[in-house]
Amino acid sequence: MDNNDTFQIGSFAFSSRLFVGTGKYKDIAETERALAASGAEVVTVAVRRVNLQERGEGSMMALLRSGKYTILPNTAGCYTADEALRTARLARELCETDLIKLEVIGDKRTLFPDNEATLEAAKVLVKDGFVVLPYCLDDPIVCRKLEEIGCAVVMPLAAPIGSGLGIRNTANLLIIREQTKLPMIVDAGVGIASDAALAMELGCDGVLMNTAIAGAKNPILMASAMRDAVKAGRSAFLAGRIPRKLYAEASSPEQGLIGRV
């Protein structure tokens, strides 16, 4: 794959198409090793669940502000548009970035996003100059509205957060990919490397995950596997797959076969 195969989010350009979270690891040391193994450039952090003011040695913010990563704060844990707006503005102040991953949850059991509240918050954040990366359902209509609002990307889920079910609806993702001019990042539900590869083969620009790596028996090895899967899936997409056919087709030429005139 071409090393110049970068993609743009706002004024940011990235080479790695794997975005990773920072939650659920046993300690900061394991987090650091997993982030390094993933090759990720963008690391997301939950503003409401991490003490962003603690910046001493061994803290999460010391790791994230080491210069190795672009911090993507998120509004995880917010259930209303107002909560998400307050959290985003706090993140801008503490992380000194206009990037925000917008999450407005509508249901505590499934953690599915609230479409109406997400659209409401996105409108305000875009107007306030944020670079908005909205977590949303794999709904082509919602994604179209988020694009019209001015979001920087669309981030449809593959499956419920932390479920590890993999991509449940490839048809919807293909429709979203066809209709949007924005970068498209699959967010949530990835379980194993083949899920990440499939997302990239469908034409997604990136994959964001946390639990699939942090919850693995060997998070460091899984981070490495996800890194390679995203690269392989992207290469396969760029290469262009052969058409699917109902019947077999010989891979070797039949001309010149023994016994053939």
Side-chain angles (χ1 to χ4, degrees), residues 1-21 35 38-44 69-72 74 97-103 113 118 122 126 130-159 161 166-191 193-210 212-213 223 225-241:
M1 190 170 63
D2 188 347
N3 289 331
N4 294 320
D5 180 40
T6 60
F7 73 112
Q8 199 85 14
I9 297 178
S11 61
F12 299 86
F14 303 108
S15 297
S16 172
R17 293 170 181 269
L18 175 58
F19 292 31
V20 294
L35 296 188
S38 75
E41 297 171 80
V42 179
V43 177
T44 185
Y69 307 107
T70 295
I71 302 175
L72 174 60
N74 69 58
T97 181
D98 291 327
L99 287 169
I100 191 72
K101 182 191 171 198
L102 174 62
E103 296 183 33
T118 299
V126 168
F130 283 89
V131 180
V132 182
L133 291 77
Y135 162 65
C136 61
L137 293 171
D138 55 346
D139 181 338
I141 306 306
V142 171
C143 288
R144 186 184 68 201
K145 290 181 178 181
L146 289 166
E147 181 171 9
E148 290 170 350
I149 285 170
C151 292
V153 304
V154 290
M155 300 182 72
L157 54 75
I161 291 174
I167 295 173
R168 298 290 86 197
N169 196 334
T170 56
N172 276 19
L173 293 183
L174 285 170
I175 292 169
I176 295 167
R177 175 69 288 169
E178 182 182 82
Q179 77 178 16
T180 187
K181 296 178 181 178
L182 296 178
M184 175 179 167
I185 300 171
V186 162
D187 179 15
V190 168
S194 56
D195 299 331
L198 176 58
M200 300 306 296
E201 289 166 0
L202 292 173
C204 296
D205 295 284
V207 183
L208 192 152
M209 66 183 72
N210 185 185
I213 296 176
M226 292 298 188
R227 176 198 66 205
D228 293 343
V230 167
K231 289 181 179 179
R234 175 64 177 173
S235 293
F237 172 73
L238 293 176
R241 67 158 293 133

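All values derive from a computational prediction rather than experimental measurement.
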Original post:
Going by heavy atoms in the side chains, are T170 and L198 under 4.5 Å from each other?
Top reply: yes
Kindly say whether D138 contributes a backbone atom to a donor-acceptor pair with the side chain of N172 at under 3.5 angstrom?
yes
Contacts of N74 meeting side-chain hydrogen bond (donor to acceptor under 3.5 Å, both in side chains) (sequence neighbours excluded), chain-then-number -> T44
Exercise. Given side chains that start at C-beta, do those of V230 and M200 come closer than 4.5 Å, heavy atoms only?
Worked result: yes
For D205, the side-chain hydrogen bond (donor to acceptor under 3.5 Å, both in side chains) test, sequence neighbours excluded, returns R177
Fill in: Side-chain touch I185/P156, heavy atoms, less than 4.5 angstrom
no
Sorted by chain and number, sequence neighbours left out, side-chain hydrogen bond (donor to acceptor under 3.5 Å, both in side chains) with T118 holds for none
In this structure, OG of S235 is separated from CD of E201 (nearest 0.5 Å) by 10.0 Å
Sorted by chain and number, sequence neighbours left out, side-chain contact (heavy atoms from CB on, under 4.5 Å) with A159 holds for S163, L165, R168
Would you tabulate the side-chain donor-acceptor contacts of residues 143-152 under 3.5 Å, counting partners in other chains and residues two or more places apart, or write 'none'?
unit_1	atom_1	unit_2	atom_2	d
E147	OE1	T180	OG1	3.0
E147	OE2	K181	N	3.2

side-chain contact (heavy atoms from CB on, under 4.5 Å) with V20: of L208, I213, V207, only one passes, and it is I213
Residues at least two apart in sequence or cross-chain that pass side-chain contact (heavy atoms from CB on, under 4.5 Å) with D228, listed by chain then number, are S224
